Enquirer: 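Pasting in a structure now, in structure tokens, and then I'll have a few things to ask.
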Amino acid sequence: MARHLITSAIPYINGIKHLGNLVGSQLPADLFARYLRSRGHEVLFLCATDEHGTPAELAAAKAGKPVADYCAEMHDVQAEIAKGFRLSFDHFGRSSSQQNHALTQAFAGRLAEMNLIREVTEDQVYSLTDGRFLPDRYIEGTCPNCGFDSARGDQCDNCTKQLDPTDLINAHSTISGATDLEVRTTKHLYLRQSELKDTLADWIESKKDWPILTTSIAKKWLTDGDGLRDRGITRDLDWGIPVKNGAENWPGMEGKVFYVWFDAPIEYIACAQEWVDAGKGTDWESWWRTDKGADNVTYTQFMGKDNVPFHTLSFPATIMGVDQDWKLVDYIKSFNYLNYDGGQFSTSRGRGIFMDQALELLPSDYWRWWLLSHAPESSDAEFTWEQFQADANKDLSDVLGNFVSRITKFCRSKFSEAVPEGVAMGAAEDQLIADLTTRLKAYEGYMDATEVRKAAAELRGIWVLGNEYLQANAPWTAFKTDPETAAMQVRVGLNLIRLYAVLSEPFIPDASAAMLAAMKTEDASWPTDIAAALNVLPAGHVFDVPDNLFRKITDDEREEWAERFAGTRD
RNA sequence: GGCGCGGUAGCUCAGUUGGUUAGAGCGAUCGACUCAUAAUCGAUAGGUCGGGAGUUCAAGUCUCCCUCACGCCA
């Protein structure tokens, strides 16, 4: 038994995530966590909401609520949807927690102590009407170069000329439209990542087994231009973690908060503290401190490609910089994007399917199966309604669901709702066991390596073996002349249902539970020996014929949904 | 403009360090079966591996140029 720490990139608080976000981090992380638990390992699976920053403040203002209230509400909404998708977090925390406040401030203080923080004085645009400093992207005006009237403070999207906010003609705030902008001098803290550049490069270089996507992005940031740049870790905002040096005030930094990208990954650690404080665990340090038991922990992170730089460079720079025996990540599994019907999913334009909407259409297993079996591992992947309908119907309804249906109903009509005994297993069953053993080994190998698509294909292959077995041995024919042999074949088939429930649980937990319930067993132990696994349900064991596990998605539904989600979400 | 990941059967995708007739699933066609959610199982068809040049006994796999799509950066 090994110990596995698993984190999913933490979703931003402002709104409900779409299916592309889901398949890029939370869902594969859940798959991995469920699988490792099934294999008997000790798992701590953490996720949280990322709550700080300007977008949260603006979303709260738009909703007419205090930002703290807004975040609390949205956290509950996201937690509920996560439950709907059966995401099995051991704790779903909040980056705004007191634990994260304290830890973030402690990290910053320690970094200063290690001489890895420097103070920078810079000019920024302040909006009197908005009462806040404006990030460059929240300032628009007319481009002095081409006359484009929606040029942003950092560059003109029309002529691509690089700009300073002060270059813009008729500059205004995109938040309020206010034009009473002025330049003010402000002071910020910078993390001296450049000091750690070589250490980070050596570390990345040593990770030979990481996905190419992960290492190529990291190396690019390390070598691009002048190399890794120092990064501002504070902002002039109200909502966030106040800048402090540990528990002490930080002279000159009053009224400022840490930048969201500094505190968000620290929440991975704080979340473990929240987990303990919530009474769910007892010793968070044994997961996070290599001097307190975490040296035997394997830590795997899941994230979309947009988050890779922060997880390969910024956060490790913090961890390495404080030099205090904190656990570093062992494996970073990153994902490309899922596209929607030839374009991008878009949160801002409401294009594609969002998590809450998906659950209104179909049970979570449909989405889990399809998304995971098409996870964008090697390149961007494509969601189309035609493909979704065809794959879900074929894999879930026809191959798996119908297998359960045909064997249980056949048993009920020819024998009873109890496992029949019949003769001993023979050559055909030996072959089945051999084939299952081969495929199981491959399945485990892919799951261990977080090769999500390949694991899904292997699991499907395991389901198909059941249908092949029935088709080749035809108990419905054998029953006419040799009912004892048919009985044995049905006994094998019923045991296959239980086996499939166990193996499928990481992908489709609800269907798995339904299969175990129908077989009236709680034995969900991972098989070490297939022959033994096919004898778990003994002759005479009573079962239920379940309702169809997966109904089919109709053409009418597909057309209606494709139409409904092509437009924009209000 | 620079950089990065890609462009493989109608569709979604695999293709290890270059090496026998380029693979899978879906879809299509044909056949078998009839227990089952008009489900299942088998077979067949379908690709000059984005285009061009080069290295090599041998290239989807390496090099260069071009092109298209996506992303990141300035």
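Quantities reported herein were computed from a predicted structural model and do not represent experimental measurements. Each chain gets a letter, A, B and so on, in the order its sequence line appears, and its residues count up from 1. Heavy-atom basis, side chains included; hydrogens, waters and symmetry copies ignored.
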Enquirer: Which value, in whole Å, describes the distance between the C1' atoms of nucleotides B:C62 and B:G19?
Expert: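 Roughly 14 Å separates the two C1' atoms.
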Enquirer: May I have all residue pairs that pass salt bridge (Lys or Arg N to Asp or Glu O under 4.0 Å) and include part of residues 380-389 of chain A, sequence neighbours excluded?
Expert: A:K305-A:D380
Enquirer: Measure from the ring centre of A:W476 to the centre of the six-membered ring in the base of B:C35, then say whether that distance is under 5.5 Å and the planes meet at under 30°.
Expert: yes
Enquirer: Over how many whole Å does the gap from A:N393 atom CG to B:U40 atom P extend?
Expert: 10 Å
Enquirer: Kindly state each residue pair satisfying salt bridge (Lys or Arg N to Asp or Glu O under 4.0 Å) with at least one member in residues 390-401 of chain A, sequence neighbours excluded.
Expert: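 Residue pairs with at least one partner in residues 390-401 of chain A: A:D395-A:R460, A:D398-A:K552.
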Enquirer: Atom CG of A:L362 and atom P of B:U37: how far apart are they, to the nearest Å?
Expert: 20 Å
Enquirer: Heavy atoms only, 4.0 Å cut-off, all strands: where does A:K409 land among base, sugar-phosphate and nothing?
Expert: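 The residue A:K409 makes sugar-phosphate contact but no base contact.
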Enquirer: With 3.5 Å as the limit, what N/O pairs link the protein to nucleotides 41-45 of chain B?
Expert:
residue: B:G42; atom: OP1; partner: A:E468; partner atom: OE2; Å: 3.1

Enquirer: Atom CG of A:N548 and atom P of B:A38: how far apart are they, to the nearest Å?
Expert: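 Rounded to whole Å, this separation is 8 Å.
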Enquirer: Determine the interatomic distance between P on B:G27 and the same-named atom on B:A22; round to the nearest Å.
Expert: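 After rounding to an integer number of Å, I get 25 Å for this pair.
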Enquirer: Salt bridge check: are A:E557 and A:R551 linked by an N-O gap of less than 4.0 Å?
Expert: yes
Enquirer: Provide the distance between the two C1' atoms, one in B:U61 and one in B:G54, to the nearest whole Å.
Expert: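 Straight-line distance between the two C1' atoms is 16 Å.
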Enquirer: Residues two or more places apart in sequence or in another chain: which of them pass side-chain contact (heavy atoms from CB on, under 4.5 Å) with A:P11?
Expert: A:K17, A:Q26, A:C47, A:Q78
Enquirer: Side-chain N or O of A:K552 less than 4.0 angstrom from OP1 or OP2 on B:A39?
Expert: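 Yes, within the criterion.
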Enquirer: Determine the contact category for A:F550: base if any of its heavy atoms lies under 4.0 Å from a base atom, sugar-phosphate if only primed atoms, P, OP1 or OP2 are that close, otherwise nothing.
Expert: base
Enquirer: Report the secondary structure of RNA chain B in dot-bracket form, marking unpaired bases with a dot and bases paired to a different strand with |, and treating Watson-Crick or G-U pairs with both distances under 3.5 Å as paired.
Expert: ((((.((..((((.....[...)))).(((((.......))))).....(((((..]....))))))).)))).
Enquirer: Would you mind listing every salt bridge (Lys or Arg N to Asp or Glu O under 4.0 Å) that reaches into residues 418-430 of chain A, with sequence neighbours excluded?
Expert: none
Enquirer: Measure from CG on A:N339 to C1' on B:G6 and round the result to the nearest Å.
Expert: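 Rounded to the whole Å, the gap is 12 Å.
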Enquirer: Check RNA chain B against residues 415-446 of chain A and give the residues with a non-hydrogen atom under 4.0 Å, in numerical order.
Expert: none
Enquirer: Are more than 12 heavy atoms from other residues, nucleotides or ligands located less than 6.0 Å from atom CG of A:D547?
Expert: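 No, not enclosed.
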Enquirer: Any salt bridge between A:D30 and A:R368, counting N to O under 4.0 Å?
Expert: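 Between A:R368 and A:D30 there is a salt bridge, with a charged N closer than 4.0 Å to a carboxylate O.
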Enquirer: Does the B:A39 base have a donor-acceptor partner in the side chain of A:D398 within less than 3.5 Å?
Expert: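 No pair found.
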Enquirer: Can I get a per-line list of side-chain donor-acceptor pairs under 3.5 Å for residues 440-452 of chain A, giving both atom names and the distance, sequence neighbours left out?
Expert:
residue: A:Y443; atom: OH; partner: A:L503; partner atom: O; Å: 2.8
residue: A:E444; atom: OE2; partner: A:W526; partner atom: NE1; Å: 2.8
residue: A:D448; atom: OD1; partner: A:Y35; partner atom: OH; Å: 3.0

Enquirer: Could you tell me how far apart A:F403 (CZ) and B:U37 (P) are, to the nearest whole angstrom?
Expert: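 These atoms are roughly 15 Å apart.
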Enquirer: Can you check the distance between B:U48 and B:C64, where both ends of the measurement are the P atom (answer in whole Å)?
Expert: 27 Å
Enquirer: Verify the distance criterion only: is there a donor paired with an acceptor across the side chains of A:S504 and A:W369 at less than 3.5 Å?
Expert: no
Enquirer: Could I get the full list of side chain to side chain donor-acceptor pair (under 3.5 Å) partners for A:E484, not counting sequence neighbours?
Expert: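 Partners of A:E484 under the side chain to side chain donor-acceptor pair (under 3.5 Å) test: none.
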Enquirer: Return the value, rounded to whole Å, for the distance between atom CZ of A:R551 and atom C1' of B:A36.
Expert: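 Taking CZ of A:R551 and C1' of B:A36, I get 19 Å after rounding.
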Enquirer: Mind checking the CD1-CG spacing from A:I497 to A:L537? Nearest 0.5 Å is all I need.
Expert: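 Interatomic distance, A:I497 CD1 to A:L537 CG, rounded to 0.5 Å: 9.0 Å.
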Enquirer: Have a look at A:K454 and say if it touches a base, only the backbone sugar-phosphate, or nothing, with a 4.0 Å heavy-atom cut-off.
Expert: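 Result for A:K454 = sugar-phosphate.
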Enquirer: Using 30° and 60° as the class boundaries, would you call the ring planes of A:H374 and A:W370 parallel, tilted or perpendicular?
Expert: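 Answer is parallel, since the angle falls under 30°.
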Enquirer: Of all residues at least two apart in sequence or in a different chain, which pass the salt bridge (charged side-chain N to carboxylate O under 4.0 Å, His left out) check with A:K454?
Expert: none
Enquirer: Out of B:U37, B:U40, B:C13, which nucleotide sits closest to the side chain of A:R453?
Expert: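 Ranking B:U37, B:U40, B:C13 by closest atom to the A:R453 side chain puts B:C13 first.
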Enquirer: What is the distance, rounded to the nearest whole Å, between atom CG of A:L400 and atom C1' of B:G25?
Expert: 16 Å
Enquirer: Take atom CD of A:Q389 and atom P of B:C11, then tell me their distance rounded to the nearest Å.
Expert: 18 Å
Enquirer: Roughly how many Å apart are B:G23 and B:G15, using the P atom of each and rounding to a whole number?
Expert: 15 Å
Enquirer: Could you check whether A:L549 gets within reach of a base, just the sugar-phosphate, or nothing at all, counting any heavy atom under 4.0 Å?
Expert: base
Enquirer: Quick one: salt bridge (Lys or Arg N to Asp or Glu O under 4.0 Å) pairs with a partner in residues 493-509 of chain A, sequence neighbours left out?
Expert: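 Non-adjacent pairs meeting salt bridge (Lys or Arg N to Asp or Glu O under 4.0 Å): A:R34-A:E505, A:R498-A:D523.
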Enquirer: Let's see if you get this right: which residues in residues 486-503 of chain A place a heavy atom under 4.0 Å from RNA chain B?
Expert: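 Heavy-atom contacts with RNA chain B come from no residue of residues 486-503 of chain A; none.
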Enquirer: Can you spot which of A:F383, A:F354, A:W561 makes a ring-ring contact (aromatic ring centres under 6.0 Å, His included) with A:Y340?
Expert: A:F383
Enquirer: Please give the distance between the C1' atoms of B:U8 and B:G60 as a whole number of Å.
Expert: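 Looking at atom C1' only, B:U8 and B:G60 are 7 Å apart.
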